[in-house]
2 protein chains.
Amino acid sequence: MKKVYLKDIAEQLNVSKTAVSLVLNNKGDENKISQETQKRIIKFAKDHNYVPNHLARGLSRGKTETIGLIIPNISDTFYAKIAGSIEARAAQEGFTVVFSSSNESPKKESSLIGDMLNRQVDGLIVASTQKNQKDIKMLMKNNFPLVLIDRNYPDLDTNFVVVDNYGGMNKATKHLLSKGKKRIVFVAINSDLEALKQRYLGYRDAVEKFEGNPNEPIEIYVDYNNYEADVKKKIKEFVEPKLNVDAFVFSTHYLAREGLRALKGLNVKVPEEVAMVSFSDLSAAFDLVEPPITSVLQPVEEMGNMAVDILLDEMGATKVKTMNDKKRILEVEFIVRKSCGS
Amino acid sequence: MKKVYLKDIAEQLNVSKTAVSLVLNNKGDENKISQETQKRIIKFAKDHNYVPNHLARGLSRGKTETIGLIIPNISDTFYAKIAGSIEARAAQEGFTVVFSSSNESPKKESSLIGDMLNRQVDGLIVASTQKNQKDIKMLMKNNFPLVLIDRNYPDLDTNFVVVDNYGGMNKATKHLLSKGKKRIVFVAINSDLEALKQRYLGYRDAVEKFEGNPNEPIEIYVDYNNYEADVKKKIKEFVEPKLNVDAFVFSTHYLAREGLRALKGLNVKVPEEVAMVSFSDLSAAFDLVEPPITSVLQPVEEMGNMAVDILLDEMGATKVKTMNDKKRILEVEFIVRKSCGS
DNA sequence: TTGAAAGCGCTAACAT
DNA sequence: ATGTTAGCGCTTTCAA
């Protein structure tokens with residue numbers, strides 16, 4: 001750890017710090033530093049494992065080659081996967097990722113954004129709580145490189161990468177309807193997230209506009225901080241004393257997981273007595289579950305990659321020219337398995 | 001984003017930068033700065049949302065309130081959970097986490113460590129590839145705050161937090177034996193990880209020393225970068241043309257997942273024809289899988305918390321006194337489900 | 001009690 | 001072609 005500094009190189013080689021800095025930043029030629037000097041500097045640096053101090057460099061340049069990522073919860077497989085693809089893509093371009101979880105708290109999110117800015121991240125990718133217009137607007141006003149992921153503010157003109165929530169859920173619900181299911185229950189966490197609203201609308205439109213057999217939507221909303229117990233409790237109300245619905249549509253993977261657990265606990269046969277589908281898969285395990293769960297799959301990797309690409313473009317970090325479209329709604333995939341009655 | 005700097009405060013208040021810095025770092029009293037000046041400074045700072053620039057502060061103090069976390073892969077639920085608990089615990093203490101994935105590459109791990117040091121993290125938590133003694137030794141020699149997690153170097157005297165791999169696997173295997181299973185196959189990725197070695201030994205001792213019915217160990221090793229296909233292929237060899245084993249013991253959750261997938265694909269009934277157990281659970285879903293999988297559960301949260309606690313202690317960041325034991329082997333939990341034949 | 005000034009390590013405008 | 005110098009914003013020693 002005995003480090004070599006720019007100064008050391010300059011002294012050893014009898015050149016100025018400037019020269020060294022310039023050369024090591026590939027600006028030797030444009031500053032007409034002799035080839036020989038350049039060679040010497042580069043060789044010396046390499047031989048002594050010189051690495052510029054990141055903080056000093058960042059302080060001086062106002063850039064840190066760091067991307068800030070704010071998500072609800074890194075423990076959740078969905079966000080973990082997103083984080084993974086973001087990290088991988090960022091690493092390819094020489095960026096490091098600093099992540100923090102907001103735990104769905106707008107206040108925490110706000111303070112994290114402040115934190116990240118203070119740490120001079122070069123850009124931000126955030127899966128927002130969507131109750132933090134203030135900061136998002138502030139970032140936009142300042143032209144700070146920003147990409148929203150998974151969750152966007154419909155009223156704000158930001159870059160974003162989301163999936164086709166409406167379409168995915170609409171398709172899934174229609175599939176159930178086509179299988180003759182009538183009383184279909186939509187299950188979601190209690191929140192104002194645009195993504196959930198879209199999923200709901202996709203569901204509702206499917207149900208209400210189903211040709212030949214329109215139906216009333218039925219909804220359950222559970223508390224995010226207590227969803228395991230809450231899902232169980234609310235599902236039970238449809239099952240006892242007598243099962244009175246045909247299917248459940250879960251708006252998130254973990255709700256589907258707990259929902260299935262609850263149904264099993266209540267001895268309700270899926271799909272014989274009641275069908276179910278899930279939006280989003282769970283660690284690639286929903287096909288092993290009994291019954292395998294029909295799911296709407298999100299292109300998680302693509303979301304992460306795309307977000308980074310847009311962000312880098314926004315930061316002007318890439319060689320390539322500006323991307324045309326920085327608002328992306330990615331397609332989802334609908335996988336039919338046994339849980340929906342085929 | 002129009003920021004207020006230390007200098008601004010000093011100028012506005014007609015005091016020196018020193019005074020401001022001291023007061024804002026709670027060193028006002030010990031430097032005998034008048035109560036009134038202190039009040040003014042603090043008020044002004046608060047009113048103007050002053051936040052010290054993190055890079056500048058870090059550069060100057062050589063500390064950054066940042067913990068570096070290096071893991072094989074953040075997308076993996078196991079490491080995602082660990083990252084989550086580390087982050088949460090670190091946040092409580094005012095630390096931010098910078099994470100990077102090594103993808104099991106010692107070279108990448110090494111460069112990441114260099115990177116992190118260069119970014120002046122105050123301490124490092126690493127789930128090492130275990131093929132990087134060089135850097136670990138270097139860190140130790142320099143007394144750099146370090147905690148190994150999940151994987152440790154048996155030959156090095158570092159701090160670490162791991163689980164009782166031997167004991168967990170031993171217990172699981174014995175359970176199978178007690179159910180009358182004889183030909184039990186151990187499935188692992190091909191690697192020298194100490195954790196896997198311990199799991200293997202736990203398995204082998206159980207099998208070889210089983211009273212009344214010692215048996216030969218049978219092992220399969222699959223390629224990490226291609227485990228899905230490889231597991232499938234190798235399991236097939238035990239199944240076709242004729243099933244000739246009684247049980248599979250999977251040393252990792254994702255192998256168990258793929259193993260089960262493979263068995264299902266081959267139409268082998270679990271647990272009727274062959275039993276199985278898994279080390280580690282998968283996103284809390286192994287109880288929903290058919291059949292529910294008997295698993296050895298790792299105390300993921302505790303691992304993360306413990307690692308942070310040890311690290312902070314190591315960095316001298318906590319008020320509390322030095323911890324006595326910085327080598328922890330945590331207990332695992334053994335959950336019996338249907339997949340092992342009860 | 002308070003302030004001047006040096007320094008953390010690097011970058012970049014400006015001279016030479 | 002190369003070097004001087006002034007920052008980046010904060011901490012901290014030392015002097016007043």
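So you know, we letter chains A, B, ... as the sequences are listed, proteins then strands, and number each from 1. Bear in mind the structure is a predicted one, so any value in this text is a computation, not a measurement.
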* Report the distance from atom CG of B:L55 to atom C1' of D:dG7, rounded to the nearest whole Å. => 15 Å
* Asked: For A:M138, does its backbone N or O pair with a side-chain atom of A:N142 as donor and acceptor, under 3.5 Å?
  -> yes
* Are more than 12 heavy atoms from other residues, nucleotides or ligands located less than 6.0 Å from atom NZ of A:K327? -> yes
* Asked: For atom CD of A:E65, is the number of surrounding heavy atoms from other residues, nucleotides or ligands below 6.0 Å larger than 12?
  -> yes
* Looking at every strand, decide which applies to B:N118 at a 4.0 Å heavy-atom threshold: base, sugar-phosphate, or nothing. => nothing
* Structure fact -> Once base and sugar-phosphate atoms are separated, protein heavy atoms under 4.0 Å mark nucleotides 10-16 of chain C, 5' to 3', with B, S and - as BBBB---
* Pairing of B:R89 and B:E93 as salt bridge, 4.0 angstrom limit -> yes
* Is it true that A:E194 and A:R151 have a side-chain N and a carboxylate O under 4.0 angstrom from each other? -> no
* Asked: With a 4.0 Å cut-off on heavy atoms, is B:D8 in touch with a base, just the backbone sugar-phosphate, or nothing at all?
  -> nothing
* Taking the side chain as every heavy atom from C-beta outward, state whether A:I74 and A:Y79 have any atom pair closer than 4.5 Å. => no
* To do: State whether the number of non-hydrogen atoms from other residues, nucleotides or ligands found under 6.0 Å of A:K108 atom NZ is greater than 12.
  => yes
* Could you state the NZ-C1' distance from B:K32 to D:dA16, rounded to the nearest angstrom? -> 15 Å
* Would you work out how much the helix from C:dT1-D:dA16 to C:dT16-D:dA1 bends between its ends, with each end axis defined by five base pairs, to 10 degrees? => 50°
* **CD (A:E104) with more than 12 external heavy atoms under 6.0 Å** => yes
* Asked: Does B:T37 make a side-chain N or O approach to OP1 or OP2 of C:dT1 shorter than 4.0 Å?
  -> no
